[in-house]
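Notes follow the structure.
Here the structure is a predicted model, which is why all the values come from computation and not from measurement. Residue numbers start from 1 in every chain, and the chains themselves are labelled A, B, ... in the order their sequence lines are given, proteins ahead of strands.
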Amino acid sequence: MEKIEITIDGRPASGTEGMTILDAARQLGIEIPALCNEQGLKPSGNCRICVVEVEGMNRLVPACHTPIEQGMNISTRSHRVTETRKIIVELMLASHTGPCMADNAAKECSVHNIASDIEVAPPRFLIQNPRSYPVEMMSPYVKRDLSRCILCRNCVRACREIVGHNVYSMAYRGFNSKVVVDCDVPLDKDVCKDCGVCIEYCPTSALMYPDGTKTKGERAVPKTKGPWTGELDPKQPELLTLLIQEQRKSGYVSSDAMQKIADSMDLDVGDVYGVATFYAFLSTTPNGENVIRICKSLPCYMKHAQMVIDSVEEELGIKPGETTSDGKFSFELTNCIGACDKAPAMLVNEQLYGNLTPEKISSILKSYKMEDLPWQSPE
Amino acid sequence: MAESRIILKNCEVIDPADIGTYIEKDGFKALEKARTSMSQESVIDEVKSSGLRGRGGAGFPCGVKWELAANADGSEKYLICNADEGEMGTFKDRYLLEYDPFSLIEGIAIAAYAIGAVKAYIYLRGEYRYLLSTIRGAIGQAVEKGYLDGLDIVLQEGAGAYICGEETALMNSLEGKRGEARFKPPFPPVSGLFEKPTIINNVETLAAIPRIILNGAEWFSNIGTEKSKGTKIFSVSGDVSRPGIYELPMGSSLKQLVVDLAGATDIKIIQVGGAAGRLLPYNWLDTALSFETVLGAGAVTVFDSSRDMIDVVFKTIEFLAEESCGLCTPCREGSQVLFEILERLRNGEGEQQDTDVLEDVANTMAEASLCGLGQGTAVPVLDSLNFFKQDYKNRIEQSLYIKSLLG
Ligand SMILES: Cc1cc2nc3c(=O)[nH]c(=O)nc-3n(C[C@H](O)[C@H](O)[C@H](O)COP(=O)(O)O)c2cc1C
């Protein structure tokens, strides 16, 4: 196999095809901090702490998943790298709570350890609305305190890739992302037994043994069915379409419907829930017969989207996110619907209405109020 | 200055429900030409020498991308038409799909022929569901006429997620998954949808293909600037008297677009390229619109002097933060931090260090985010700090003054 010659922090190194920058650096004894990269797990590239500088590239690249290439000149601790890395950790700390924020329990938390290793100052900003969840202590095997979770997905991946189960799934989107069990219920799974792998792979105190400790000394030896034998990345192209169809048929996607879909596709319901909660047009709670979506993005906002919102509120007597008591209408705010030339605009079900005025809104809503047909679209 | 409608030449001219009216306007001649008198390589060469670059925002040379996929191993290859058009202020693809779905379908058929794909997908954003029947009808008529023999075109609708316009997130979504971006490499032409070589192109890019094949690369490359060939379709919104769609040669100035055509009279800020695009002061009006300067996917929103700059940045970041997929730390946490700081500033509760923090967080997002969304979120923040620093200073001073009065 062809040797790939590279330079890391001024030192020559060589490797083979498929090797990542992180592998190559480790061979030289150069440590690059990383949180979501763990031996035995496929790279995920989500924490971004392992970013390094590669000469000739516009942006920094993560060492954990970037393959080495002939002639690469890599800096793992240039000013640019260390500044960026510090702010990434600062961002993690900004919404991270837990005992590690007070010094005594710090050893338990890798975020805290990395922060002190690379000399991150206390965060200059604290997130006002951090993710905050009740502690889960239903399971006799794992205590979950997700307010401390940094969303590195190690537990999701370790349960699957090391243990061969699939207890956890990613759900929701953006800042509200969360590691869930089934349709977001407290963890209480029989399959867990005293495996403990997720606890060991969790870099924070989000996952603990029920007695509040973090390690059994050595890595727990899982009593498991062994590594995942199925496809790690199952093909499920029909899933989104099935969810959209269910949404259209029933006005929302219930837990029962998700379970049925999961069974029919041989998926775990948590993974179905994860998809359903990612997309803004899918809802896991019932909606009214007609869903009104008012665009609130800049081009509509500047053309008085607020007037549209006020008019709809007045006509229907509900606020965004609510449903009328007769179940006829739900009303939500949405991001750009691509009708900026007709601002302010809204969708009622799939119908587009633009250049709205209070009078127009009133007559549009009347037409839906009169209509006794099912709200279903023609398709 | 007048528009030059090349890509849009059939819009509001033909009947989008009647393929006959499209055929009358030289429709499907380019496809016939490609299939009967050109090899796959020569189609790719033609597109390469036309200089056509992707119209979805990133501007990657189209022919070069096709060549990568054509040369990739494996017989199963896919073509995806990106009709997710979620970028704030953009509605050009909607217009094309509504008024001339046939040009897109012909472009898809030519592209599929060139790269050797037997299956093509159109990923249509859920917000445009009202266009489904038009597109479906157009595909049906093209099938009936035999233009799509040997090619299967699948229509997939999205369900409300801007991030699904990002090519790798779109592929995850097509695979039925959460629309999270994937890290690269591997790049889609090597390993994309279902891990097969995949070409993904914007609606406007594909709609340009029939024109290029029929009229030749040279004709196309005679229009535009050195590095941006052809025309570009712009979506203009905001404080202008004639918001709408305009097609201009690449290199036309912002002034020609927003003043001469769209009728702006009072300009404070111009947002070019949508939420993840540039925020520019009025003295950029003479700037030529091209990949070399500013462009994105051609969304242009004008703000007049009554608009508050910080409010504009706040609403922009609100959009991007809500649309972050949540996979990587810089974008997930960083956009929330930007959002919260800007919200405070907007409410007159600024603090001395706010601009430093905004700058640091934005720079980190630009450097280290996994995909273009997080990277792009930095752009409006850094532009506003660069061009409108005084607005921030004033707001912070006011905030501190009010705070001191309140004790
Ligand atoms: C957050 C984000 C959203 C995007 N949305 C779109 C979109 O709606 N439509 C599109 O064509 N490209 C979009 N892109 C660009 C695509 O990733 C990709 O570059 C494009 O589809 C390639 O086609 P082209 O080469 O023809 O432009 C987006 C990129 C990012 C980072």
Side-chain angles (χ1 to χ4, degrees), chain A residues 43 45-49 51 59-60 62 65 67 80 84 87-88 91-92 94-95 124-125 127-129 150-151 170 172-177 235-241 243-244 274-275 278-282 297-299 301-302 334-341 343 347 350-352 377 379, chain B residues 85-86 88-91 94 126-130 132 156-157 159-162 173-179 183 185 194 235 237-239 243-245 301 303 307 312 315-316 319 321-330 332-334 336-337 340-341 353 357 360-361 364 366-368 370 375:
Chain A
N46 69 64
C47 83
R48 315 304 278 181
I49 289 178
V51 286
R59 300 176 201 277
L60 303 180
H65 67 70
R80 193 174 151 202
T84 304
I87 294 170
I88 296 173
L91 283 169
M92 272 179 185
S95 66
R124 288 166 292 169
F125 37 82
I127 284 178
Q128 297 300 305
N129 295 303
I150 55 155
L151 295 163
M170 285 312 299
Y172 311 106
R173 175 168 100 187
F175 187 75
N176 297 319
S177 298
K235 304 287 175 262
Q236 53 191 46
E238 316 81 46
L239 179 55
L240 180 57
T241 304
L243 289 169
I244 292 173
V275 174
F278 185 87
Y279 295 93
F281 281 18
L282 298 176
S297 295
L298 258 178
Y301 169 78
M302 35 190 314
T334 192
N335 276 327
C336 189
I337 55 177
C340 326
D341 51 342
L347 290 166
E350 64 191 47
Q351 191 63 46
L352 174 68
S377 52
E379 309 260 348
Chain B
E85 188 158 74
M88 195 171 83
T90 317
F91 45 92
R94 182 203 83 205
E127 289 83 344
Y128 288 174
R129 195 179 148 76
Y130 55 86
L132 263 184
Q156 170 71 49
E157 57 179 310
Y162 161 60
S173 187
L174 270 181
E175 292 179 10
K177 297 174 186 154
R178 293 163 57 77
F183 60 72
F194 303 118
S235 317
S237 62
D239 295 316
I245 294 295
T301 306
F303 302 87
R307 308 292 173 183
V312 171
K315 289 295 289 183
T316 301
F319 172 91
E322 286 179 1
E323 297 297 335
S324 165
C325 80
L327 173 60
C328 77
T329 314
R332 182 186 64 236
E333 309 293 323
Q336 180 71 16
V337 168
E340 290 189 358
I341 294 176
Q353 56 166 7
V357 176
D360 282 354
V361 172
T364 299
E367 287 279 24
L370 188 143
Q375 294 160 8

Practice task
For side chain to side chain contact (heavy atoms under 4.5 Å, CB included), just list the numbers for B/Arg307 and A/Leu298, CA-CA rounded to whole Å, side-chain angles, deciding distance to a tenth of an Å, and then say yes or no.
Solution key: CA-CA 11 Å; B/Arg307 308 292 173 183; A/Leu298 258 178; over 6 Å; no

Practice task
Verify side chain to side chain contact (heavy atoms under 4.5 Å, CB included) between B/Ser173 and A/Phe278, making sure each step is shown before the conclusion.
Solution key: CA-CA 10 Å; B/Ser173 187; A/Phe278 185 87; over 6 Å; no

Exercise for the section: Determine, step by step, whether A/Cys336 and B/Phe91 satisfy the side chain to side chain contact (heavy atoms under 4.5 Å, CB included) criterion, reporting the C-alpha distance in whole Å, the side-chain angles of both residues, the deciding distance to 0.1 Å, and the verdict. Expected result: CA-CA 10 Å; A/Cys336 189; B/Phe91 45 92; over 6 Å; no

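Residue A/Asn129 touches chain B through both its backbone and its side chain, counting heavy-atom pairs closer than 4.5 Å. With a 4.5 Å cut-off on non-hydrogen atoms, B/Gln156 touches chain A through its side chain but not through its backbone. Interface residue A/Leu151: backbone and side-chain heavy atoms are both found under 4.5 Å from chain B. For B/Phe303, the parts lying near chain A are the backbone and the side chain together; criterion is any non-hydrogen pair under 4.5 Å. For A/Tyr301, the part lying near chain B is the side chain, with the backbone staying farther off; criterion is any non-hydrogen pair under 4.5 Å. Using a 4.5 Å cut-off between heavy atoms, A/Val51 touches chain B through its side chain atoms alone. Interface residue B/Leu174: only backbone heavy atoms are found under 4.5 Å from chain A. Residue A/Leu347 touches chain B through its side chain alone, counting heavy-atom pairs closer than 4.5 Å. In this structure, no portion of A/Glu238 lies under 4.5 Å from any heavy atom of chain B. For chain A, no part of B/Ser235 is nearby; none of its heavy atoms comes within less than 4.5 Å. Only the backbone of B/Thr90 comes within contact range of chain A, with at least one heavy atom under 4.5 Å from a heavy atom of that chain. With a 4.5 Å cut-off on non-hydrogen atoms, B/Glu322 touches chain A through its backbone and its side chain both. For chain A, the nearby parts of B/Glu367 are the backbone and the side chain; heavy atoms of each come within less than 4.5 Å. Only the backbone of A/Ile150 comes within contact range of chain B, with at least one heavy atom under 4.5 Å from a heavy atom of that chain.
Ion pairing between A/Arg173 and B/Glu323 holds under the 4.0 Å rule for side-chain N and carboxylate O.
When all heavy atoms of B/Tyr128 and A/Ile337 are compared, the closest pair comes out as CE2-O, 3.4 Å. Of all heavy-atom pairs spanning B/Arg178 and A/Tyr172, the tightest one is NH2-O, 2.7 Å. Across all non-hydrogen atoms, the minimal contact from A/Tyr279 to B/Ala159 is CB-O, 3.2 Å. Taking all atoms of both residues into account, the shortest heavy-atom contact from B/Arg94 to A/Ala339 is NH1-CA, 3.3 Å. Nearest heavy-atom pair, A/Cys47 versus B/Pro330, reported as atom, atom and distance to 0.1 Å: O-CD, 4.5 Å.
Listed options B/Gly89, B/Ala321, B/Gly86 were ranked by heavy-atom pairs under 4.5 angstrom with chain A; first place goes to B/Gly89. The choice from B/Glu85, B/Lys315, B/Met88 that makes the most heavy-atom pairs within less than 4.5 Å of chain A is B/Lys315. Contact count against chain B (heavy-atom pairs under 4.5 Å) is highest for A/Ile88 among A/Leu239, A/Ile88, A/Ile49, A/Thr241. Here B/Asp360 is the residue among B/Ile245, B/Val361, B/Thr301, B/Asp360 with the most heavy-atom pairs under 4.5 Å with chain A.
Looking at B/Arg129, its side chain never comes within 3.5 Å of a backbone N or O of A/Glu350 through a donor-acceptor pair.
Between A/Asn176 atom CG and B/Gln336 atom CD the span is 7.5 Å, to the nearest 0.5 Å. With values rounded to the nearest 0.5 angstrom, A/Ile127 atom CD1 is found 5.0 Å from B/Glu333 atom CD. Atom OG1 of residue B/Thr364 and atom CG of residue A/Leu60 lie 9.0 Å apart, to the nearest 0.5 angstrom. The structure places OG of A/Ser95 at 9.5 Å from CD of B/Glu340, a figure rounded to the nearest 0.5 Å.
Taking the side chain as every heavy atom from C-beta outward, B/Pro243 and A/Cys340 never approach each other to under 4.5 Å.
Applying the salt bridge (Lys or Arg N to Asp or Glu O under 4.0 Å) test to A/Arg59 and every residue at least two apart in sequence or in another chain returns nothing.
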